[in-house]
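Every chain is numbered from 1 and lettered A, B, ... according to where its sequence line falls, protein lines coming before strand lines. Values below: every heavy atom of this structure, side chains too, minus hydrogens, waters and symmetry copies.
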Protein chains: 2
Amino acid sequence: MTSTSERLLDAAQALAQQRGFNAFSFRDLANRLGITNAGIHYHFPKKADLGRALIARYRRNVAEALTEVDRTAGSATDRLKGFIASYADGLRKERLCLGVMLASETVTLPDEVQSEVRSFFAALEDWLTRVLEDGRTAGEFHFEGAAEDEAALVLSTVEGAMLSAWPLRSVKPVQALARFETVMQRFLNGLAPS
Amino acid sequence: MTSTSERLLDAAQALAQQRGFNAFSFRDLANRLGITNAGIHYHFPKKADLGRALIARYRRNVAEALTEVDRTAGSATDRLKGFIASYADGLRKERLCLGVMLASETVTLPDEVQSEVRSFFAALEDWLTRVLEDGRTAGEFHFEGAAEDEAALVLSTVEGAMLSAWPLRSVKPVQALARFETVMQRFLNGLAPS
DNA sequence: ATCCTTACTTATTGATTGGTAAGTTTGTTG
DNA sequence: CAACAAACTTACCAATCAATAAGTAAGGAT
């Protein structure tokens, strides 16, 4: 049903989120699809092309998911919790956020991929800024200063919480998830005291 | 003066913090020292040995630096700021925290290195827990619940702040540092309102 | 029937990887 | 002076990497 390109991107995303973009080969990818590594080059001539397509699609998918959160969530608090829940989901699937992974690999990535990564984070921050502003005017959130700055803090915290749970995941998956959720709950308490 | 082993670890650490542990080769390392790649194997038979020595020494150095912070800082707030400042220093030197880098590479790392990474983070959290407890009893910090949980939040935030500034660093170094400091300042405001 | 495009495979390339074996230089010790 | 270990070098190795060239099977269009 789904095209080979799409299935390649699915497999590449899984590998990139688990091992990193530089840590999987065309062979790894080809084996998962049951084709030869040369076949990949037909769809993505260079690995940089694959990387660019990968993060571009990821950005679109995340944007879609956040729009869906906007549609279904009743409050700014729910929207923010929906955002955080998607990270927890990744952890459950043994997948690091692709943005986090590529951010750490930044130095070794092709320029075109690097700039896509930056755009991805910028998009997340824009969305978070809107949520935080909405939440503040609604009296749900309490913070001082620009919502942009608070959005940067939210993003930093959720990324950091995921990353610091990541090494724990391989040995104690349940504990890693619990840790992530404890940290985020604590953060939310500061933003929206009950 | 300094032994070759030590200089190897210095160079390896710089490479690992900039590019990642899997993204530098024995050749890269050898070239920086002006020796051949085979010469490295004399000091560190396998790359895993190098990795283990690398993070073990890093952990010792960080522990020493934190003891020095304890010695010189006047208050818990100063100690915490000293901790955060060391991350900002890394950013200035174009170096990601080694723990953060290795955390993201966890899946592809030898087991022995993985467990060292976990111990490193555990040590940081222990130190942070003490600082937070001291600060709370001194009336400097305000938070509810266990200090361990708050320490996990602090660590997550500072790691995440560094990581999210990292992709920005290659294109706008000054802005990356400013972003990091804004995020951490905002975090400190929540912990120790003035 | 022929041509062309799509979607691959087979086979191979040159570069790079971590790692090894064997030799060489240098300084120390008996 | 002889023996020896420390600290390398030279010269490899097999494996793996992304990438390329050339061929091929299948299907649609003319």
Side-chain angles (χ1 to χ4, degrees), chain A residues 1-57 101-102 105-114 116, chain B residues 1-57 101-102 105-114 116:
Chain A
M1 281 299 125
T2 51
S3 69
T4 301
S5 296
E6 209 66 24
R7 294 197 303 140
L8 275 171
L9 288 173
D10 289 342
Q13 188 179 321
L15 284 164
Q17 289 184 279
Q18 285 158 10
R19 313 173 54 83
F21 182 73
N22 291 315
F24 74 87
S25 70
F26 275 53
R27 242 207 192 86
D28 293 331
L29 202 48
N31 288 343
R32 295 209 173 187
L33 280 260
I35 63 174
T36 60
N37 61 359
I40 301 173
H41 287 284
Y42 171 77
H43 299 278
F44 304 99
K46 315 267 166 158
K47 201 180 183 186
D49 297 321
L50 174 63
R52 200 162 36 85
L54 199 59
I55 177 118
R57 189 188 69 153
M101 187 62 93
L102 296 183
E105 295 184 286
T106 270
V107 180
T108 61
L109 257 35
D111 286 349
E112 345 155 38
V113 180
Q114 283 188 47
E116 281 280 354
Chain B
M1 284 299 125
T2 53
S3 70
T4 302
S5 295
E6 210 65 24
R7 293 199 303 140
L8 275 172
L9 288 173
D10 289 342
Q13 187 178 322
L15 284 164
Q17 288 184 281
Q18 285 157 10
R19 313 174 53 84
F21 181 73
N22 291 315
F24 74 86
S25 69
F26 275 51
R27 250 206 186 77
D28 292 332
L29 204 46
N31 288 342
R32 294 208 174 187
L33 280 259
I35 63 174
T36 60
N37 61 357
I40 300 174
H41 288 283
Y42 172 77
H43 300 277
F44 304 99
K46 315 267 166 160
K47 201 181 183 186
D49 298 319
L50 174 64
R52 199 161 37 84
L54 198 61
I55 175 116
R57 189 189 69 152
M101 187 62 93
L102 296 183
E105 293 184 286
T106 269
V107 181
T108 62
L109 257 33
D111 286 350
E112 345 155 36
V113 180
Q114 282 186 49
E116 281 281 356

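Between A:R52 and A:D49 there is a salt bridge, since at least one side-chain N of the basic residue sits less than 4.0 Å from a carboxylate O of the acidic one. A salt bridge does not link A:D10 with A:R32: every distance from a Lys NZ or Arg NE/NH1/NH2 to an Asp or Glu carboxylate oxygen is 4.0 Å or more.
Atom-to-atom, CG of B:L29 to C1' of C:dT17 comes out at 14 Å; the value is rounded to the nearest Å. Between the CG atom of A:L109 and the P atom of D:dA18 there is a distance of 13 Å, given to the nearest Å. Atom-to-atom, CZ of B:F26 to P of D:dA11 comes out at 21 Å; the value is rounded to the nearest Å. Rounded to whole Å, the distance from CG on B:N22 to C1' on D:dC17 is 14 Å.
Note: A:Q13 CD to A:L50 CG = 11.0 Å, rounded to the nearest 0.5 Å. Note: B:D111 CG to B:E116 CD = 12.5 Å, rounded to the nearest 0.5 Å.
Minimum heavy-atom separation, B:E105 to B:F21: OE1-N, 2.8 Å.
For the contact set between residues 34-50 of chain A and DNA chain D, defined by any heavy atom under 4.0 Å, the members are A:N37, A:A38, A:H41, A:K46, A:K47.
Taking side-chain N and O atoms only, B:S25 has no distance below 4.0 Å to OP1 or OP2 of C:dT16.
Side-chain contact check for B:L9 versus B:F44: some heavy-atom pair is nearer than 4.5 Å.
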